[in-house]
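These notes are about the structure you will find just below.
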Protein chains: 2
Amino acid sequence: METKPTRRARLRQQTIAEIKEAALKALAESGPAGITLRGIARELGMTAAALYGYFDTRDQLISTLAADAYNELADSHEAALAALPPEEAASRVRAVCDTFRTWSVANPAAFRLIYGDGLPGFSPPEDVTKAARRCCMALLDVVAGAWDHAPAAIRDDEAEWSDFQESLVTPAREQFPHLPPQALGLTLRIWGRMYGPVMLEVFGHLGQQIVDPSQVYRREVEAIIEMLGLSE
Amino acid sequence: METKPTRRARLRQQTIAEIKEAALKALAESGPAGITLRGIARELGMTAAALYGYFDTRDQLISTLAADAYNELADSHEAALAALPPEEAASRVRAVCDTFRTWSVANPAAFRLIYGDGLPGFSPPEDVTKAARRCCMALLDVVAGAWDHAPAAIRDDEAEWSDFQESLVTPAREQFPHLPPQALGLTLRIWGRMYGPVMLEVFGHLGQQIVDPSQVYRREVEAIIEMLGLSE
DNA sequence: TGGTACACTAAACGCCGTTAATAAAGTGAT
DNA sequence: ATCACTTTATTAACGGCGTTTAGTGTACCA
């Protein structure tokens with residue numbers, strides 16, 4: 001339908017990109033609080049009020065950045081998985097884990113935006129949660145690929161579908177029809193195990209304790225693979 | 001020395017307490033960004049400028065809150081451990097883990113303050129890092145108590161003292177002289193494993209996936225105990 | 001009783017997000 | 001080429017923010 005990328009639309013797209021770029025730069029330099037409409041406008045040679053032609057509000061701009069970050073991370077995950085055949089379960093687990101930490105450490109500002117901020121009662125707009133789900137699905141994908149190798153101690157678990165939120169259950173069962181509910185619980189546990197060390201590293205807590213934080217993560221990834229019965 | 005709690009000093013103490021109280025309330029209601037000197041002053045019936053008689057700056061006030069939070073958490077840990085004899089290693093691990101999540105979920109605002117915020121290059125003042133170390137030591141304590149039971153797979157590890165920062169090594173060796181450097185690495189891994197699920201829960205990510213986030217944590221704690229060779 | 005240290009206020013500065021009114025410029029049809 | 005129009009940007013203002021400076025009253029102590 002949209003066969004006409006009119007000149008106006010093109011310029012508009014570019015301006016939006018420049019705004020995001022300036023916002024990301026400010027984010028990297030001084031954290032989320034450093035994203036300032038007036039600062040961005042200054043950088044682009046415009047007035048702050050002009051930005052309201054592109055984003056409804058500062059919060060919406062930040063939400064857009066968050067959605068972009070989620071999508072970028074999900075793209076990385078999917079690209080890493082696309083290069084590996086389904087039967088190499090261990091490699092696929094490692095790929096997702098490594099991609100996750102590598103991206104997070106390389107884009108700490110975006111990581112904080114996604115996983116660190118957020119007001120107490122604030123629920124993000126739909127495009128953000130949708131992008132977040134893509135990341136979750138990549139992890140579920142590798143768990144699904146490893147499920148048959150998992151030892152009984154993990155598979156035996158009194159988890160039910162009703163233990164999980166519909167927003168997770170629905171896409172999970174649609175995409176991986178053969179998976180039991182226990183696999184969801186396992187995925188969440190692995191999720192937490194990946195996020196713990198990475199969060200501590202990105203937020204600067206691990207670096208105050210250990211010289212090379214990646215050591216902690218590497219061992220944890222191997223432990224996850226072992227837990228899944230995928231060793232050697 | 002300070003035998004004279006003069007009337008002035010007493011009033012001053014009380015005012016400081018009221019300021020912190022108002023700040024914590026704002027923190028709980030609208031996140032770190034909601035802590036506003038003018039808002040606090042309004043609540044106390046003062047001018048914002050008057051607050052500068054008690055805190056050098058807004059950031060310093062927040063740092064104080066962070067140190068308080070760390071100390072509160074450390075107190076909880078130490079109280080939980082004081083009730084358990086050294087030989088009950090498994091119970092002690094469980095106690096620290098449970099105390100950690102319970103406190104974090106009960107004080108989400110304080111938790112965010114400590115573990116979620118913080119500028120990219122910002123390093124906290126000394127009283128904050130000192131209070132943070134107390135929490136770390138509690139965890140190291142239970143790992144020390146469990147170290148002798150730990151399976152060889154965990155104890156065999158090419159970790160060296162030089163892998164860790166001095167600010168961790170010095171107090172650790174002082175307080176637990178018999179511990180090898182491998183125990184530090186194990187402690188950090190357990191730390192990450194505890195923080196992952198709790199961070200995801202407090203930041204609201206787990207709740208969007210699972211009805212009862214504590215399930216994830218409970219299983220993780222049991223896995224930690226098992227990893228340490230403390231099951232049954 | 002006088003003087004001094006302290007607690008506080010008032011006013012201002014320069015930031016911030018956001019809104020309203022307005023002008024300029026691009027676009028498309030006649 | 002002219003007109004109506006939509007889109008884009010500007011200026012000016014409002015209220016809120018952290019912070020500083022200068023000045024005011026008041027509690028304390030000699």
Side-chain angles (χ1 to χ4, degrees), chain A residues 2-27 29-66 113 117-119 122 125, chain B residues 2-27 29-66 113 117-119 122 125:
Chain A
E2 320 292 347
T3 56
K4 272 279 183 66
T6 75
R7 173 183 153 73
R8 285 271 260 261
R10 242 182 326 112
L11 287 183
R12 192 180 172 75
Q13 277 304 105
Q14 182 182 326
T15 306
I16 289 181
E18 282 178 33
I19 294 174
K20 286 186 186 176
E21 197 179 335
L24 283 176
K25 186 178 155 198
L27 174 66
E29 280 172 4
S30 11
I35 302 182
T36 258
L37 293 188
R38 290 182 127 106
I40 294 172
R42 223 175 290 131
E43 185 122 336
L44 302 201
M46 315 170 40
T47 318
L51 297 178
Y52 284 81
Y54 300 91
F55 296 92
D56 289 347
T57 189
R58 176 179 174 274
D59 282 356
Q60 201 223 296
L61 164 60
I62 293 185
S63 285
T64 303
L65 294 182
L113 197 59
D117 245 10
L119 285 188
F122 173 75
Chain B
E2 321 294 348
T3 56
K4 273 278 185 62
T6 76
R7 174 182 152 73
R8 284 270 260 260
R10 239 181 330 111
L11 287 183
R12 192 181 170 75
Q13 277 303 105
Q14 183 182 327
T15 306
I16 289 180
E18 282 178 33
I19 293 173
K20 285 185 187 177
E21 197 178 336
L24 282 175
K25 185 178 155 197
L27 174 66
E29 280 173 4
S30 11
I35 301 182
T36 255
L37 294 187
R38 290 183 128 106
I40 295 171
R42 223 175 291 131
E43 186 123 335
L44 302 201
M46 310 169 42
T47 318
L51 298 178
Y52 284 82
Y54 301 92
F55 295 93
D56 289 348
T57 188
R58 176 179 174 274
D59 282 356
Q60 201 220 255
L61 165 59
I62 294 185
S63 285
T64 303
L65 295 181
L113 198 58
D117 245 10
L119 285 188
F122 173 75

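Residue numbering restarts at 1 for every chain, and letters A, B, ... go by the order of the sequence lines.
Contact footprint of chain B on DNA chain C: nucleotides with an atom under 4.0 Å from a non-hydrogen protein atom, first to last in 5' to 3' order, dC6(C) to dA12(C).
Residues passing the side-chain hydrogen bond (donor to acceptor under 3.5 Å, both in side chains) test with Q13(A): none are found, sequence neighbours excluded.
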Are there any protein N/O atoms within less than 3.5 Å of an N/O atom in nucleotides 22-30 of chain D, and if so, which ones and at what distance?
unit_1: dC28(D); atom_1: OP1; unit_2: R7(B); atom_2: NE; d: 2.7

Can you give each donor-acceptor pair under 3.5 Å made by side-chain atoms of residues 36-44 of chain A, sequence neighbours left out, with the distance rounded to 0.1 Å?
unit_1: E43(A); atom_1: OE2; unit_2: K25(A); atom_2: NZ; d: 2.8

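Summary for the helix from dT1(C)-dA30(D) to dT30(C)-dA1(D): the axes at its two ends, each from 5 pairs, differ by 10° when rounded to the nearest 10 degrees.
When rounded to the nearest whole Å, the span between CZ of R12(A) and P of dA9(D) equals 9 Å. Spacing between atom CD of Q60(B) and atom C1' of dG18(D) amounts to 14 Å, rounded to whole angstrom units. Distance L51(A) CG to dT10(D) P: 9 Å, rounded to the nearest Å. One interatomic measurement links the two molecules: CG of L61(B) to P of dG18(D), which rounds to 10 Å at whole-angstrom precision.
The two residues I35(B) and R58(B) come nearest to each other via the heavy atoms O-NE, 2.8 Å. Shown here for Y52(B) and T57(B), the closest heavy-atom pair between the two residues is CE2-CA, 4.3 Å.
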Between L61(B) and Y54(B), does the side chain to side chain contact (heavy atoms under 4.5 Å, CB included) criterion hold? Intermediate values first, please.
CA-CA 9 Å; L61(B) 165 59; Y54(B) 301 92; over 6 Å; no
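Heavy atoms from other residues, nucleotides or ligands lying under 6.0 Å from CD of E21(B) number 12 at most.
For the segment residues 34-44 of chain A, the set of residues with a heavy atom within less than 4.0 Å of an atom of DNA chain C comprises I35(A), T36(A), L37(A), R38(A), R42(A), in numerical order.
In this structure, T47(B) contributes its side chain and A50(B) its backbone to no donor-acceptor pair below 3.5 Å.
To the nearest 0.5 angstrom, L51(B) atom CG is 11.0 Å from I16(B) atom CD1. The CD atom of Q60(B) sits 10.5 Å away from atom CG of L65(B), with the distance rounded to the nearest 0.5 Å. In this structure, the separation between CD1 on I62(B) and NZ on K20(B) is 13.5 Å, given to the nearest 0.5 Å.
Residue contacts for T15(B): at a heavy-atom cut-off of 4.0 Å it reaches no nucleic acid atom on any strand shown. Among the atoms of the strands shown, none is found under 4.0 Å from any heavy atom of F55(A).
Between R58(B) and A50(A), the residue anchored nearer the 5' end of DNA chain D, judged by the nucleotide with its closest heavy atom, is A50(A).
Relative to the side chain of M46(A), the nucleotides dG18(D), dT11(D), dA9(D) differ in distance, and dA9(D) lies closest.
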